[in-house]
Amino acid sequence: MFSFALDYYLLVSLSAFGVIQIAASRGRLDALVLFRSARATWALGLGLAALALVWFFAVEDRNINDYEGGLDANIQALLFFLGASTAYGVTLGLSSLVNGRMDGGVWKPGEGLSALRRATFARAISRSLRYWWREWRTQIRPYLSG
Amino acid sequence: MADADTAVFVWLNGRTGALAALDGAMEVLGSDYGVPVVMGLVILGLWFAGQGADDRARRQVGVFVVLTAIGLASWIVFAGNELYFRPRPFDAALDHDVTVLLYRPTDSSFPSNSTAVAFAAAGGVWLISRKAGLALLALASAYGLARVYGGIHYPLDILGGAAVGLLAVVMARAFWGLLGPVPAIVIRAARIFCIA
């Protein structure tokens with residue numbers, strides 16, 4: 001089961017990395033994509049997702065019940081979450097390195113992903129955390145007062 | 001009704017073995033790891049793909065509905081299985097041989113859990129994006145068809161699963177409607193860490 005779970009985790013991580021590249025390109029989150037060209041980004045994304053699926057089904061028989069070495073639905077959901085989180089983490093790290101020169105210009109509080117249109121994750125998260133560290137009391141007051 | 005259900009099953013399952021490539025494709029299509037992964041990837045993509053902050057927030061609230069619908073669909077099937085058990089076609093005493101392409105599940109045949117979850121995901125995605133939703137509804141239908149072709153479900157199981165999945169979407173949408181601003185608050189909190 002461990003080998004099956006590892007294969008499934010790799011399938012999700014690789015294909016999710018590809019999908020995040022495509023989605024970031026569509027959402028114009030320029031600091032998240034690895035290539036300037038949208039066509040190259042789509043080719044990378046679709047290629048990775050397709051290759052991961054083909055690899056997963058080609059290397060072994062995947063037609064296995066969960067009590068015979070397959071994965072039950074809960075484990076699948078957990079591994080999907082872990083794989084997608086890994087893919088996003090790798091995307092953030094790699095894109096912060098590749099797009100290191102994007103400094104983001106004016107940063108607005110609460111922008112979230114939209115900040116990644118202009119700034120790398122490393123810059124956006126440091127600005128965001130610094131802001132919230134200073135301002136969290138004033139920001140949460142409206143939610144706590146009647 | 002049951003006779004027609006069995007007749008359609010026997011006809012569809014009787015096509016197996018004619019074309020090895022088609023059997024192979026149906027094995028992958030009906031697998032637990034093909035369509036569910038593709039659907040998960042589409043949902044993941046919708047989280048990131050909005051045009052601007054407002055559109056992205058709308059999609060992300062929609063993802064909450066999708067995930068809730070998936071959970072609800074599974075729970076409804078689970079609860080239903082406690083009340084009613086229908087043997088799988090390969091376990092039932094049919095007058096015809098059943099060719100089984102997929103592994104042999106031991107839970108109730110009706111309603112199809114996999115199809116319920118697939119239709120819950122597809123229906124929920126349809127609320128976010130009509131184009132992606134229609135593509136996933138087609139994929140969910142093909143998933144159900146592959147599981148009948150593969151010998152582990154009757155057509156009525158698939159229709160029952162689809163109904164459960166779509167009902168779960170309606171319930172999930174009402175649930176988040178009642179909770180009002182909660183998803184927006186969660187999304188605002190996630191924006192601090194650039195994950196929303």
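Throughout, protein chains are lettered first and strands after them, A, B, ... in sequence-line order, and every chain is numbered starting at 1.
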Chain A heavy atoms under 4.5 Å from [X]: which part of the residue, side chain, backbone, both or neither?
{"X": "B:A196", "result": "backbone"}
{"X": "B:V42", "result": "neither"}
{"X": "B:D55", "result": "neither"}
{"X": "B:P105", "result": "backbone"}

Taking NZ, NE, NH1 and NH2 as the nitrogens, is one of them in B:D54 or B:R59 under 4.0 Å from a carboxylate oxygen of the other?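 Result for this pair is no, no salt bridge flagged.
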What I want to find out is whether A:D7 reaches A:R62 closely enough, with some N-O distance under 4.0 Å, to be called a salt bridge.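 Yes.
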Consider only side-chain N and O atoms of A:Y67 and B:T106, and report whether a donor and an acceptor are under 3.5 Å apart.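 Result is no, nothing qualifies.
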Taking the six-membered ring of B:F90, is the NZ or CZ of B:R104 close enough (under 6.0 Å from the centre) and on axis enough (within 45°)?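 That pair qualifies as a cation-pi contact.
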Give a yes/no verdict on a cation-pi contact between B:R86 and B:Y154, requiring under 6.0 Å between NZ or CZ and the six-membered ring centre and an angle within 45° of the axis.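 Yes; both conditions hold, so B:R86 lies above the ring face of B:Y154.
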Measure up the B:Y84 and B:F110 rings against each other and bin them: parallel (under 30°), tilted (30 to 60°), perpendicular (over 60°).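 B:Y84 vs B:F110 ring planes: perpendicular.
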Return the option, out of A:L92, A:I22, A:I64, A:L32, with the maximum number of heavy-atom pairs under 4.5 Å with chain B.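 Going by pairs under 4.5 Å, I would pick A:I64.
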side-chain contact (heavy atoms from CB on, under 4.5 Å), paired with A:L14, selected from A:L48, A:V19, A:L51: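 The single option meeting the side-chain contact (heavy atoms from CB on, under 4.5 Å) with A:L14 is A:L48.
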By the definition side-chain contact (heavy atoms from CB on, under 4.5 Å), identify the one residue from A:L10, A:V12, A:L6 that meets it with A:Y8.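 Considering A:L10, A:V12, A:L6, a side-chain contact (heavy atoms from CB on, under 4.5 Å) with A:Y8 is found only for A:V12.
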Report which part of A:L11 has an atom under 4.5 Å of a heavy atom belonging to chain B: side chain, backbone, both, or neither.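 Only the side chain of A:L11 comes within 4.5 Å of chain B.
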Short question: side chain of A:D72, backbone of A:D66 - any donor-acceptor pair under 3.5 Å?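 It does not hold such a pair.
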Heavy-atom pairs under 4.5 Å with chain A are the metric here; pick the option from B:Q51, B:E27, B:R191 that has the most.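 Of the candidates given, the most pairs with chain A belong to B:R191.
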Quick one: of B:V37, B:I185, B:L41, who has the most non-hydrogen atom pairs under 4.5 Å with chain A?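 The residue among B:V37, B:I185, B:L41 with the greatest pair count is B:L41.
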B:Y143 ring center near B:F119 ring center (under 6.0 Å):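 Judged by ring-centre distance (under 6.0 Å), B:Y143 and B:F119 do not meet the cut-off.
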Chain B contact residues among residues 110-133 of chain A, heavy-atom distance under 4.5 Å: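 Hits under 4.5 Å: A:G110, A:E111, A:G112, A:L113, A:S114, A:R117, A:F121, A:A124, A:I125, A:S128, A:L129, A:W132.
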